[in-house]
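What follows is one structure encoded as structure tokens, with my remarks underneath.
Keep in mind the model is a prediction, meaning the values are calculated, not measured.
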Amino acid sequence: MFKLSTNLRNSLMGKQDTITAITLSADGTTGEYFILDSGNGLFTAGFRPGDTITISGFTGVPANNQITTVTKVWSDGSKMQIAGALVDDSAGESVTITSCAKTFKDIFRNGVIRVYSGTEPADADADEG
């Protein structure tokens, strides 16, 4: 039997990772550039390093609306570092971040195939036994 994880299946079907929230803010004070999320939803939304994203909805600082690359995402979902420059802008605006369409190569970037013996897991997302 061949199983695909939910994220891989969604990527192959063209689903784009997206988040729209008023909890998103921009931080450019240190010379490194971050999108912060007090709602901690950036990681669970599916964003990963290497993703090309479109940022829109920053009305206070329109220059923060851009297409850029994700360089790091904190596993608690609170912060995402990006390659593009940002100007500080506090949360409160309805900001949307969407991953751009991924190529076949992007989908399988850093992919790993693991073969295990023993009992078959309940689904492709379950921990291996």
- prompt: How about M80 and I97: do any of their side-chain heavy atoms sit closer than 4.5 Å?
  reply: yes
Looking only at heavy atoms, the pair that brings E93 and G57 closest together is CB-O, 3.7 Å
ask   = Do T54 side-chain atoms and I67 backbone N/O form a donor-acceptor pair below 3.5 Å?
value = no
Please examine the side chains of V73 and D51, heavy atoms only from C-beta on, and report whether any two atoms are closer than 4.5 Å.
no
Of V87, T96, I35, the one forming a side-chain contact (heavy atoms from CB on, under 4.5 Å) with F58 is I35
Practice prompt. Check whether any side-chain N or O of D27 sits under 3.5 Å from a backbone N or O of D88 as a donor-acceptor pair, and report yes or no.
Written response: no
N/O donor-acceptor pair under 3.5 Å between T71 side chain and Q81 backbone: yes
Quiz item: Would you say the side chain of I53 lies within less than 4.5 Å of the side chain of T68, judging by non-hydrogen atoms?
Solution: yes
NZ of K72 to CZ of R48, rounded to nearest 0.5 Å, is 14.0 Å
d(S25 OG, N64 CG) to nearest 0.5 Å is 10.0 Å
In this structure, CG of L24 is separated from OG of S90 (nearest 0.5 Å) by 12.0 Å
Given the options F47, F43, F34, W74 meets ring-ring contact (aromatic ring centres under 6.0 Å, His included) only with F34
Taking every heavy atom of I22 against every heavy atom of A91, the minimum-distance pair comes out as O-CB, 3.3 Å
(message) Is the shortest side-chain heavy-atom distance between I19 and D37 below 4.5 Å?
(response) yes
Check whether any side-chain heavy atom of T59 sits under 4.5 Å from a side-chain heavy atom of D89, and report yes or no. no
Rounded to the nearest 0.5 Å, the CG atom of D76 sits from the CG atom of L42 at a distance of 9.5 Å
Kindly indicate, with the supporting measurements, whether the criterion side-chain hydrogen bond (donor to acceptor under 3.5 Å, both in side chains) is fulfilled by N40 and S78. CA-CA 4 Å; N40 297 338; S78 66; 4.6 Å; no
Checking T18 against T98 for the side-chain hydrogen bond (donor to acceptor under 3.5 Å, both in side chains) test, could you report, in this order, the C-alpha distance in whole Å, the side-chain angles of both residues, the deciding distance, and whether it holds? CA-CA 4 Å; T18 189; T98 304; 3.1 Å; yes
